[in-house]
Amino acid sequence: MPAVEIKPDIYWIGVNDRTTDLFEGLWPIAEEGVTYNAYLINDEKKAIVDLAKALKTDEFFDQIAEIAAVSEIDYVIINHMEPDHTGVLNTLRQIAPQATILGSPKTSEMLESFYGITDNVKAVEDGETLSLGRRTLQFLSTPLVHWPETMMTYETSDHILFSCDAFGGYGALRGAIFDDECADLDFYQKESLRYFVNIVAKFSKPVLKAIEKLAEVPVEIIAPSHGLIWREHSQLIVDLYKRWAEYATGATEVGITIVYGSMYGNTETMMNAVAQGISRVGVPLEVFDAARTHVSYILPSLWTKRGVMVGTPTYEGALFPPVSQVLEMAAVKRVLNKKVGMFGSYGWSGGALRNLRKIIEPMKWELVDACEFTGKPTEDDLRRGEKFGASFAEIVKAQD
Ligand code: FEO
């Protein structure tokens with residue numbers, strides 16, 4: 001996609017990535033893609049805010065060259081060191097060795113460890129400004145959104161916030177780069193939530209701190225480094241991020257996530273009965289087969305809904321491995337304070353429930369009840385399962 005002028009002399013020079021299948025080597029984006037948004041301020045001094053992943057080096061330099069000679073860049077502003085935003089740095093250094101790299105004090109240390117770069121680097125302090133001629137940039141320290149060195153860059157006359165990971169999402173751009181040009185905002189909102197939970201949620205406290213700090217800054221355009229630029233509804237994406245970050249410790253949505261696995265269909269049969277019971281109470285429900293759904297897509301439901309129903313057979317005295325892997329990732333991402341129910345089949349001595357108690361304890365998940373059965377569920381078992389689902393849903397609903 002060609003460069004796009006956002007405001008006079010300020011350009012989006014980002015690139016779409018539809019090649020990478022796993023973001024961070026972990027999270028699936030083969031279907032959705034991702035962008036590495038970067039921005040060029042073509043003033044008396046020329047500055048680039050954020051860069052791109054190394055895979056996109058040629059395309060990225062073509063984007064810059066549409067507006068200005070790469071060799072004439074004066075400043076490279078690194079809001080965040082993760083290589084999805086800095087991978088082209090060494091090549092840029094070779095073409096424009098005179099360009100000063102600006103970042104937080106921690107960025108200076110990371111520049112050496114990631115890229116061996118030590119010279120022509122300037123650490124900027126929180127609130128420090130940089131005049132480019134007609135336009136002035138201000139640097140705002142926002143540590144741990146997403147790494148400790150992270151900052152944001154603010155353009156002071158048109159009130160543009162280059163927020164890097166914050167307010168970003170998965171999803172390559174489909175022609176439109178602004179929210180007001182996009183006919184499918186739901187897709188980007190959904191992918192922003194998945195990105196938030198996969199990448200940023202663990203740092204919810206710093207996210208809330210950053211949003212509090214930004215309340216004092218008039219912002220008209222949110223220009224993150226992934227996903228859409230929010231021009232018409234800039235407050236919407238801030239509010240969404242705030243709500244999602246508050247879920248880390250506060251009340252979440254009335255709803256239940258069923259995460260289940262089934263070896264021969266017995267636990268799956270019970271899952272359908274439990275789901276019927278939950279639905280009868282009218283509580284929103286999402287169902288995921290842990291063996292066939294990447295945890296990336298399950299985490300948003302776990303993060304936002306207050307009830308979790310774990311369906312698992314006993315497998316070698318423990319949880320069915322795909323189910324325990326989902327729960328282990330939930331623990332890594334600090335998905336806390338859920339009400340939990342458990343159902344599943346076992347053949348002889350059981351063990352899944354004991355194992356589940358151990359896994360959920362550090363996450364402060366409260367086990368409300370369990371509904372186990374041997375072998376294939378009988379008609380009575382299924383009726384019991386339906387009642388079990390309904391009473392669990394009543395408990396989740398009552399918390400509203
Ligand atoms: Fe988009 Fe934390 O990197």
Side-chain angles (χ1 to χ4, degrees), residues 12-30 32-39 48-57 59-60 63 76-89 92 101-104 106-107 109-111 113-115 139-153 161-173 177 188 191-211 222-230 237-238 240-241 244-245 296 299-300 329 332-334:
W12 171 83
I13 51 163
V15 289
N16 264 339
D17 181 357
R18 294 181 181 276
T19 308
T20 298
D21 56 348
L22 295 173
F23 190 78
E24 288 190 339
L26 175 60
W27 310 106
I29 52 164
E32 300 85 358
V34 72
T35 63
Y36 312 117
N37 295 334
Y39 303 91
I48 300 178
V49 180
D50 291 323
L51 303 170
K53 191 174 165 177
L55 172 79
K56 290 286 166 181
T57 302
E59 205 179 317
F60 182 68
Q63 292 284 72
V76 176
I77 294 157
I78 303 291
N79 279 326
H80 175 28
M81 274 297 298
E82 195 162 3
D84 53 332
H85 307 294
T86 55
V88 304
L89 197 50
L92 181 61
I101 300 176
L102 303 179
S104 70
K106 279 200 170 64
T107 294
E109 295 164 27
M110 289 182 168
L111 279 167
S113 60
F114 276 78
Y115 297 105
F139 306 108
L140 304 171
S141 171
T142 52
L144 291 169
V145 188
H146 150 223
W147 283 4
E149 85 298 358
T150 313
M151 63 176 198
M152 297 183 191
T153 299
L161 184 69
F162 303 106
S163 59
C164 203
D165 277 356
F167 316 124
Y170 299 131
L173 298 174
I177 70 159
Y188 290 99
E191 288 304 317
S192 293
L193 172 61
R194 187 165 70 95
Y195 173 85
F196 173 86
V197 181
N198 291 179
I199 311 294
V200 188
K202 188 160 183 169
F203 309 99
S204 288
K205 216 166 153 187
V207 168
L208 291 173
K209 213 167 156 192
I211 290 174
I222 300 265
S225 289
H226 300 295
L228 291 173
I229 297 174
W230 299 82
I237 192 66
V238 176
L240 284 172
Y241 257 67
W244 298 333
S296 171
L299 284 171
M329 184 56 90
V332 169
K333 294 296 167 186
R334 296 194 60 74

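The first residue of the sequence shown is numbered 1, and numbering continues consecutively from there. Atom set for the values below is all heavy atoms of this structure, side chains included, hydrogens, waters and symmetry mates excluded. Each ligand, and each atom within it, is numbered from 1 in the order the structure gives. Computed from a prediction, not measured in an experiment: that's the story for all the values here.
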Atom nearest to atom 2 (Fe) of ligand 1 - [X], N, O or S atoms considered:
| X | value |
| --- | --- |
| E82 | OE1 |
| H146 | ND1 |
| H80 | NE2 |

Any side-chain heavy-atom pair from F60 and L51 closer than 4.5 angstrom?
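Heavy-atom side-chain distance check passes, below 4.5 Å.
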Ring-plane angle category for H146 and H80, please: parallel below 30°, perpendicular beyond 60°, tilted otherwise.
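Perpendicular, since the angle between the ring planes exceeds 60°.
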Look at the rings of F23 and Y170 and say which category their plane angle falls in: under 30° parallel, 30 to 60° tilted, over 60° perpendicular.
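Plane angle over 60°, so perpendicular.
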[X]: which N/O/S atom is nearest atom 1 (Fe) of ligand 1?
| X | value |
| --- | --- |
| D165 | OD1 |
| H85 | NE2 |
| H226 | NE2 |
| D84 | OD2 |

Closest heavy-atom pair and its distance - V88, K53
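Of all heavy-atom pairs spanning V88 and K53, the closest is CG1-O, 3.7 Å.
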Side chains of Y36 and D50: any donor to acceptor distance under 3.5 Å?
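Not at all, the side chains of D50 and Y36 share no donor-acceptor pair under 3.5 Å.
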Inter-residue atom distance N79.CG - S163.OG, 0.5 Å rounding
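So the CG of N79 and the OG of S163 are separated by 8.0 Å.
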